[in-house]
> 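One structure, as structure tokens, below. Some questions next.
Every chain is numbered from 1 and lettered A, B, ... according to where its sequence line falls, protein lines coming before strand lines.
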Amino acid sequence: MAYWLMKSEPDVFGIDDLKRVKVEPWDGVRNYQARNMMRDEMKKGDQAFFYHSNCEVPGIVGIMTIARAGYPDDTAFDPEAKYYDPKSDPDNPRWYRVDVRFKRKFRKVIPLSELKTCPELADMPLVRKGNRLSIMPVTPEQWQFIMGLTDK
DNA sequence: GCCAACGTTGGC
DNA sequence: GCCAACGTTGGC
């Protein structure tokens, strides 16, 4: 089982939204690195941190599990959809998504500012300047360390 | 295949 | 709202 971190803007879709709907397709990702991870590496049962970006206190807000491994993101096929991509062909899909399931919301956000101060996390793309990857792997060591920062 | 222009991300 | 960093696009 692998660990991940996935970013979302809470104004668009936040942890409270996931808690309400329980399971949600993580669609609209239009970045090849993130696509490759969803398509090739994420497996059902993997765990992921839910990260709030572009908001007042960016940081990790909870945990979800991967409910379904990578499958084609058909929002790319719909000309009416926000994430429409005319270059994605249903016979050869360019974009993929996974389904995520709500597991837990932390009592307190673990702010990015705090994560940045931890030498244990210095290798995470998340804390590196200018990194915009919206999905990234988390090592078991990093996962355990971050879990130790929560108040459960 | 280079690279300038452009668009997007996302912290601040 | 600003802007640095980065990915993508497209002309050549």
Side-chain angles (χ1 to χ4, degrees), chain A residues 2-21 24-42 46-66 69-100 102-139 141-143 145-151:
Chain A
Y3 297 105
W4 307 93
L5 180 145
M6 302 169 81
K7 297 181 185 175
S8 182
E9 301 187 19
D11 290 348
V12 179
F13 187 82
I15 185 107
D16 291 328
D17 297 306
L18 183 59
K19 186 175 184 178
R20 181 165 35 81
V21 301
E24 176 78 2
W26 201 269
D27 54 25
V29 174
R30 299 291 179 264
N31 168 280
Y32 287 103
Q33 253 185 293
R35 187 276 312 265
N36 292 348
M37 287 186 267
M38 288 199 291
R39 188 189 58 188
D40 305 332
E41 295 178 49
M42 288 180 134
D46 284 359
Q47 298 201 73
F49 286 127
F50 196 130
Y51 178 90
H52 279 178
S53 66
N54 223 338
C55 56
E56 194 174 350
V57 183
I60 296 172
V61 294
I63 299 175
M64 50 199 173
T65 54
I66 305 305
Y71 64 104
D73 180 355
D74 62 17
T75 64
F77 308 142
D78 177 3
E80 304 296 317
K82 182 180 170 193
Y83 300 117
Y84 176 57
D85 180 355
K87 284 175 275 191
S88 188
D89 178 346
D91 292 330
N92 184 20
R94 174 177 296 210
W95 304 115
Y96 281 70
R97 59 184 165 183
V98 297
D99 287 352
V100 297
F102 176 81
K103 185 164 183 193
R104 187 199 305 177
K105 179 185 177 183
F106 297 150
R107 288 204 291 157
K108 280 184 355 192
V109 181
I110 307 173
L112 177 63
S113 57
E114 181 179 351
L115 300 171
K116 279 183 168 172
T117 66
C118 304
E120 292 87 349
L121 304 177
D123 289 337
M124 286 189 81
L126 183 70
V127 301
R128 289 211 293 266
K129 192 177 177 185
N131 194 280
R132 302 180 310 170
L133 201 55
S134 65
I135 296 177
M136 67 189 74
V138 175
T139 68
E141 292 77 17
Q142 290 163 347
W143 182 275
F145 179 81
I146 293 168
M147 288 307 294
L149 299 176
T150 67
D151 56 5

> Listed in order of residue number, which residues of residues 125-137 of chain A have a non-hydrogen atom at under 4.0 Å from DNA chain C?
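Heavy-atom contacts with DNA chain C come from A:Lys129, A:Gly130, A:Arg132.
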
> Apply side chain to side chain donor-acceptor pair (under 3.5 Å) to the pair A:Tyr71 and A:Asp99, showing each step before the final yes or no.
CA-CA 9 Å; A:Tyr71 64 104; A:Asp99 287 352; 2.5 Å; yes

> Between the side chain of A:Lys19 and the main-chain N/O of A:Phe102, is any donor-acceptor distance below 3.5 Å?
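Checked: no pair found.
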
> Enumerate the salt bridge (Lys or Arg N to Asp or Glu O under 4.0 Å) contacts for residues 27-37 of chain A, please, sequence neighbours excluded, ordered by first and then second residue.
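Every pair satisfying salt bridge (Lys or Arg N to Asp or Glu O under 4.0 Å) with a residue in residues 27-37 of chain A: A:Asp27-A:Arg97, A:Arg30-A:Asp73.
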
> Name the one of A:Met38, A:Gln47, A:Met42 that satisfies side-chain contact (heavy atoms from CB on, under 4.5 Å) with A:Ile66?
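Result: among A:Met38, A:Gln47, A:Met42, A:Met42 is the only option passing the side-chain contact (heavy atoms from CB on, under 4.5 Å) with A:Ile66.
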
> When you measure from the side chain of A:Ser8 to the backbone N and O of A:Phe13, does any donor-acceptor pair fall under 3.5 Å?
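Here the side-chain-to-backbone pair exists.
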
> What's the separation between atom OH in A:Tyr51 and atom CD in A:Glu9, rounded to the nearest 0.5 Å?
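A:Tyr51 OH to A:Glu9 CD: 11.0 Å, rounded to 0.5 Å.
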
> Any protein N or O atoms within reach of nucleotides 8-10 of chain C? Criterion: under 3.5 Å, listing atom names and distances.
| from | atom 1 | to | atom 2 | distance (Å) |
| --- | --- | --- | --- | --- |
| C:dT9 | OP1 | A:Lys87 | NZ | 3.3 |

> Once rounded to the nearest 0.5 Å, what's the spacing between atom CD of A:Glu120 and atom CD of A:Glu141?
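These two atoms lie 11.5 Å from each other.
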
> Check salt bridge (charged side-chain N to carboxylate O under 4.0 Å, His left out) between A:Asp123 and all other residues, then give those that pass, not counting sequence neighbours.
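Counting only residues at least two positions away or on another chain, A:Asp123 forms no salt bridge (charged side-chain N to carboxylate O under 4.0 Å, His left out).
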
> Hey, is A:Arg20 close enough to A:Asp17 for a salt bridge, meaning N to O under 4.0 Å?
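Yes, charged N to carboxylate O under 4.0 Å.
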
> What residue among A:Val138, A:Leu149, A:Leu115, A:Ile15 forms side-chain contact (heavy atoms from CB on, under 4.5 Å) with A:Ile60?
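The passing option is A:Leu115.
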
> Establish, yes or no, whether a centroid distance under 6.0 Å links the rings of A:Trp4 and A:Phe50.
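Ring centroids of A:Trp4 and A:Phe50 are no less than 6.0 Å from each other.
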
> Could you label the plane-to-plane angle of the A:Trp95 and A:Tyr32 rings as parallel, tilted or perpendicular, counting under 30° as parallel and over 60° as perpendicular?
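If you compare the ring of A:Trp95 with that of A:Tyr32, the planes turn out tilted.
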
> Using a cut-off of strictly less than 4.0 Å between a heavy atom of the residue and any atom of DNA chain B, enumerate the qualifying residues of residues 47-60 of chain A by number.
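Under 4.0 Å from DNA chain B: A:Tyr51, A:Ser53, A:Asn54, A:Pro58.
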
> For DNA chain B, which residues in residues 111-120 of chain A have a heavy atom at a distance below 4.0 Å?
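Close to the strand are A:Leu112, A:Lys116.
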
